[in-house]
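Comments concern the structure below.
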Amino acid sequence: MKIILPREELRPYVRYYWMLESDEPFSVLTFPIGCPQIIFHRKSPLYILELKSFQNTFTISGQVNFPAHIQSDGNLDMIVAVFYPHTVGMFIGTPPSAFYNQEISGYDIANGQLNDVAARIFDSTSGGESVGILERWLLTRINPNLNLRRIASSIGELMHTPSVSVNILADKACLSRKQYERVFREQVGMNPKEYSRVVRFQKAMRMLQCGSRDYSYIAHHCGYADQSHLIRDFKAMSGHTPKSLPDYCVPYSDLFTCPA
């Protein structure tokens, strides 16, 4: 697996790219990471057990609130762009709320330019060339607006304090609560309260990743009401309790880790 940082102009909007080639079959449990992704499969797509379907060769993966088992037949060559929670809509011209809890075909959003990018990626001869093709197109789509900046600021507040109230976030964004919830849902792909659950889960994963096993402290630090709340939400997001997950796999928080 190879991880690449985006060029400087794209770093406020694209977290990173990753490429994976494998000739060995595998099955992996994945978790909600809080970030949409655009996926290009140059060989066989992955199978999502919970959705009972294969990813499209060109897939847009939205915000999800459930764990999923992904399976590969061993003929894998994929390139993935991971976006910040609120930025993918600016590039694709479709609100992320349209693919909440879904993995849709990129062809379904009828973006001719992006379809052409996909075709050129599939014709390219290397992962590096593929990322270059994607980046050149992404650069032409940068068009930040006031609402994007407002939501970016509130995402930062949520990351710092996942228990912050929606009213406070709306005030900081200079929007009414109703306006804020609409704009947030359009740009992020789920409502603020639900997204805060993903952030709390990812923050708890980060503490497990760093070696903490004090579950009461994790619950308090991540904004859960109590340890029972932590266990209940954590199990909904991962299929495991905070105590049992490290016995199944190494805890890793994508949202709170810079992988490159």
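Each residue takes its place number in the sequence, starting with 1.
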If hydrophobic clusters are built from ILVMFWY residues whose side chains come within less than 4.5 Å, do V64 and I104 share one? no
Out of curiosity, Y47 OH to I70 CD1, how far, rounded to the nearest 0.5 Å? 13.5 Å
Specify the closest pair of heavy atoms between K243 and P246, including all atoms of both residues, with the distance to one decimal. O-CD, 3.4 Å
Hydrophobic cluster membership, I133 vs F122, 4.5 Å side-chain cutoff: yes
State, to 0.1 Å, how close I121 and R42 come at their nearest heavy-atom pair, and which atoms those are. O-NH1, 3.1 Å
Would you give me the side-chain donor-acceptor pairs under 3.5 Å for residues 78-96, sequence neighbours excluded?
unit_1, atom_1, unit_2, atom_2, d
T87, OG1, Y13, O, 2.7
T87, OG1, Y84, N, 3.3
T87, OG1, Y84, O, 3.3

Enclosure of Y217 OH (heavy-atom neighbours >12, cutoff 6.0 Å): no
Heavy-atom side-chain proximity of C249 to L29 below 4.5 angstrom: no
Dump the intermediate steps for side chain to side chain contact (heavy atoms under 4.5 Å, CB included) on M207 and C222, then the final yes or no. CA-CA 9 Å; M207 295 186 72; C222 298; 3.7 Å; yes
Rounded to the nearest 0.5 Å, what separation is found between the CD atom of Q113 and the CH2 atom of W137? 7.0 Å
With a 4.0 Å cut-off, would you call D77 and K43 a salt bridge? no
Please report the closest heavy-atom contact between V28 and F26, naming both atoms and the distance. CG2-CD1, 3.6 Å
About how many Å separate CD of Q209 and CG of L245, when rounded to the nearest 0.5 Å? 11.0 Å
Please lay out, stage by stage, how F58 and I39 fare under the test side chain to side chain contact (heavy atoms under 4.5 Å, CB included). CA-CA 6 Å; F58 169 29; I39 302 165; over 6 Å; no
With rounding to the nearest 0.5 angstrom, report the OG to CZ distance, S244 to F234. 8.0 Å
Identify, with sequence neighbours excluded, every residue that meets side-chain contact (heavy atoms from CB on, under 4.5 Å) alongside P162. V199, R200, K203
Test: E186 and R182 ion pair at under 4.0 Å: yes
Main-chain N/O of G74 paired to S72 side chain as donor or acceptor, under 3.5 Å: yes
Distance, nearest 0.5 Å, that separates CZ of R150 from CG of N145: 9.5 Å
In one Ile/Leu/Val/Met/Phe/Trp/Tyr side-chain cluster, 4.5 Å: I4, L134: yes
Nearest non-hydrogen partners of E135 and L10, listed with the distance: OE2-CD1, 3.5 Å
Heavy-atom distance under 4.5 Å between the side chains of L255 and M159, does that happen here? yes
Between H229 and D226, the two heavy atoms sitting closest are N-OD1, 2.8 Å
Show your reasoning for whether side chain to side chain contact (heavy atoms under 4.5 Å, CB included) applies to V183 and I151. CA-CA 8 Å; V183 172; I151 299 304; 3.8 Å; yes
Is there a side-chain contact between F184 and N147 (heavy atoms, below 4.5 Å)? no
Are L139 and E9 side-chain neighbours, meaning at least one heavy-atom pair lies under 4.5 Å? yes
Establish, from distance only, whether the side-chain atoms of S154 and E157 form a donor-acceptor pair under 3.5 Å. no
Return the minimal non-hydrogen interatomic distance between V198 and M190, and the atom names on each side. CG2-SD, 4.1 Å
Do I33 and Q37 have side chains that get closer than 4.5 Å, going by heavy atoms? yes
When you measure from the side chain of S253 to the backbone N and O of Q202, does any donor-acceptor pair fall under 3.5 Å? yes
Using the rule that Ile, Leu, Val, Met, Phe, Trp and Tyr join whenever any side-chain heavy atoms are under 4.5 Å apart, tell me whether V131 and L20 fall into a single cluster. no
Judged by atom type as modelled, is there a donor-acceptor pair below 3.5 Å linking the side chain of T257 to the main-chain atoms of P259? no
Hey, is the main chain of F201 close enough, under 3.5 Å, to the side chain of Y224 for a donor-acceptor pair? yes
Grouping I, L, V, M, F, W and Y whenever their side-chain heavy atoms are under 4.5 Å apart, do V14 and L5 come out in a common cluster? no
For the residue pair R177 / N167, report whether a side-chain donor-acceptor contact shorter than 3.5 Å exists. yes
When you check the gap from the basic side-chain N to the acidic O, do D254 and R15 get nearer than 4.0 Å? yes
Where at least one partner belongs to residues 57-68, residue pairs that pass side-chain hydrogen bond (donor to acceptor under 3.5 Å, both in side chains), sequence neighbours excluded: S61-E103, N65-Y100, N65-N101, N65-E194
Quick check: do P25 and D73 have side-chain heavy atoms less than 4.5 Å from each other? no
In Å and rounded to the nearest 0.5 Å, what is the SG to CD distance from C174 to Q179? 11.0 Å
With a 4.5 Å heavy-atom cut-off, do R206 and C210 have their side chains touching? yes
Can you check whether R149's main-chain N or O pairs, donor with acceptor, with S153's side chain at less than 3.5 Å? no
So do V188 and I155 actually touch side chain to side chain, heavy atoms under 4.5 Å? yes
Between L76 and L46, does the side chain to side chain contact (heavy atoms under 4.5 Å, CB included) criterion hold? Intermediate values first, please. CA-CA 8 Å; L76 187 68; L46 296 169; 3.9 Å; yes
